[in-house]
Amino acid sequence: MSATPRVSVIIPLFHPSAALPRLLTGLSAQRMDLAELEIRLADHKGEMNFKLLEQWRKLLAPASLLLDVGPPGPCSMTRLSNRSLARCAGRTMLVLNPDDRVHPLALDLFDQALHSGGEPAGLALANSLRLGPFSSTPGRLARSSGYSPDRLRRVDCVGPRPALSRQAWESGVRFRADSGLPGWDLGVQAWMSGLETVSVRKTLTTVIQAPPMFRDRNEERRRARLVTANPGFFSSPTMTWALAVLRREAWALCTPAGRIPGKREAERLRDRWVRRTLRPYQDYPEEVMDGLLSPAV
């Protein structure tokens, strides 16, 4: 391994995964100088088999394979990832799940995209192929093209596996527990920190989705938590919608999947629901209806 690695890969081991050897094999096949690669296994419970660890080190040589044992007591995936990110030495950092798969050019392309200009960019985005938990479930391509602040306020144009630069980490871009969509949240943090975001127009990672029984089924609440975690980025009506979702107010629980309503859309959503609910009372005086339709505080 070189004195200063160029790329650092963090793999949180929160739950046992039989797919970890496949991911490590994919990292050993990267078309870059493996001496410039640092891999950190963030082990939550410290139950790693050291004999197996030595075999993986031989497979990945001359890359560096390090083990980070999690702190004692309860530890979230967010804290585990941030703990290893703070320890890594690479200028380009990528967090992968054990079930993920990587393209042979992934690490090199991410690093080139982040450091191709004079000033390093904050985030590097790439397309990801999302595979279902079962072989019968068709895959879906998550595209990262069309990144812009306006689009970022409405849809996830970041993708599940963005790469961070050292400058982004030092600017305070982190995985946060109060945000339900970590990739989307990283894009919002990078924009609010004034960092540039670049895109690689290739599919570089494959993400295996967890079975529905192990996922947070209420995806709408995750989008709402993303809004409440970034109050300076989203409009006031959108914040009102997010708080209404968390309170389970009926008017807010009918947004399209994967979208966050913008300012006008959130206002129309509430007004449409109220008018539909109050249709039996349409003969009421106009001033009464206007009072019922006044914006929520």
pair [X]-[Y]: side-chain heavy atoms closer than 4.5 Å:
X      : Y      : result
Glu267 : Pro237 : yes
Leu24  : Ile11  : yes
Arg130 : Pro160 : yes
Leu85  : Arg40  : no
Ser165 : Met93  : no
Val173 : Gln189 : yes
Val102 : Leu27  : yes
Arg91  : Gln167 : no

Nearest 0.5 Å, what's the [atom1]-[atom2] distance between [X] and [Y]?
X      : Y      : atom1 : atom2 : answer
Lys202 : Leu109 : NZ    : CG    : 7.0 Å
Leu123 : Leu114 : CG    : CG    : 7.5 Å
Leu152 : Met192 : CG    : CE    : 11.0 Å
Leu80  : Ile10  : CG    : CD1   : 10.5 Å
Thr78  : Arg176 : OG1   : CZ    : 10.5 Å
Leu269 : Arg264 : CG    : CZ    : 16.0 Å

Check the hydrophobic clustering (I, L, V, M, F, W, Y; side-chain heavy atoms under 4.5 Å; chains of links allowed) and say if [X] and [Y] are grouped together.
X      : Y      : answer
Leu96  : Leu53  : yes
Leu59  : Leu20  : no
Val207 : Trp184 : no
Leu107 : Val198 : no
Trp56  : Val69  : yes

Please check if the side chain of [X] supplies one atom and the backbone of [Y] the other of a donor-acceptor pair under 3.5 Å.
X      : Y      : value
Gln30  : His103 : yes
Arg221 : Leu246 : yes
Glu249 : Val245 : no
Trp241 : Ala252 : yes
Thr238 : Pro261 : yes

Does Leu131 form a side-chain contact (heavy atoms from CB on, under 4.5 Å) with Leu129? I'd like the steps, not just the answer.
CA-CA 6 Å; Leu131 298 181; Leu129 180 63; 3.9 Å; yes
Would Arg6 and Glu38 pass as an ion pair if we require N to O under 4.0 Å?
no
In terms of side-chain geometry, is the basic nitrogen of Asp68 or Arg83 positioned less than 4.0 Å from the acidic oxygen of its partner?
no
Worked verdict on Leu23 versus Arg101 for side-chain contact (heavy atoms from CB on, under 4.5 Å):
CA-CA 6 Å; Leu23 174 60; Arg101 306 172 191 175; 6.0 Å; no
Going by distance alone, is a donor N or O of one side chain under 3.5 Å from an acceptor N or O of the other, for [X] and [Y]?
X      : Y      : result
Asn230 : Arg225 : no
Ser193 : Ser171 : no
Thr25  : Ser28  : no

Start with the C-alpha gap between Asp108 and Arg31, add the side-chain angles, then the distance that decides, and say whether salt bridge (charged side-chain N to carboxylate O under 4.0 Å, His left out) holds.
CA-CA 7 Å; Asp108 197 36; Arg31 296 177 186 175; over 6 Å; no
Which residues satisfy the salt bridge (Lys or Arg N to Asp or Glu O under 4.0 Å) test with Arg22, sequence neighbours excluded?
none
The ring pair (Phe, Tyr, Trp, His ring centres under 6.0 Å) partners of Trp169 (sequence neighbours excluded) come to none
Under the salt bridge (Lys or Arg N to Asp or Glu O under 4.0 Å) rule, what pairs show up with a residue in residues 156-166, not counting sequence neighbours?
Asp100-Arg161
Non-hydrogen atoms of Pro104 and Ala29 that approach each other most closely
CB-O, 3.9 Å
Start with the C-alpha gap between Glu54 and Arg57, add the side-chain angles, then the distance that decides, and say whether salt bridge (charged side-chain N to carboxylate O under 4.0 Å, His left out) holds.
CA-CA 5 Å; Glu54 289 301 322; Arg57 281 176 175 156; 2.7 Å; yes
Worked verdict on Leu94 versus Leu164 for side-chain contact (heavy atoms from CB on, under 4.5 Å)
CA-CA 6 Å; Leu94 180 65; Leu164 289 80; over 6 Å; no
Name of the residue among Leu60, Leu66, Leu67 meeting side-chain contact (heavy atoms from CB on, under 4.5 Å) with Ile39
Leu60
Phe110 and Val7: side-chain contact (heavy atoms from CB on, under 4.5 Å), yes or no, with the steps?
CA-CA 9 Å; Phe110 273 134; Val7 180; over 6 Å; no
Decide whether a cation-pi geometry holds between Arg153 and Phe234; the criteria are a distance under 6.0 Å from NZ or CZ to the six-membered ring centre and an angle within 45° of the ring axis.
no
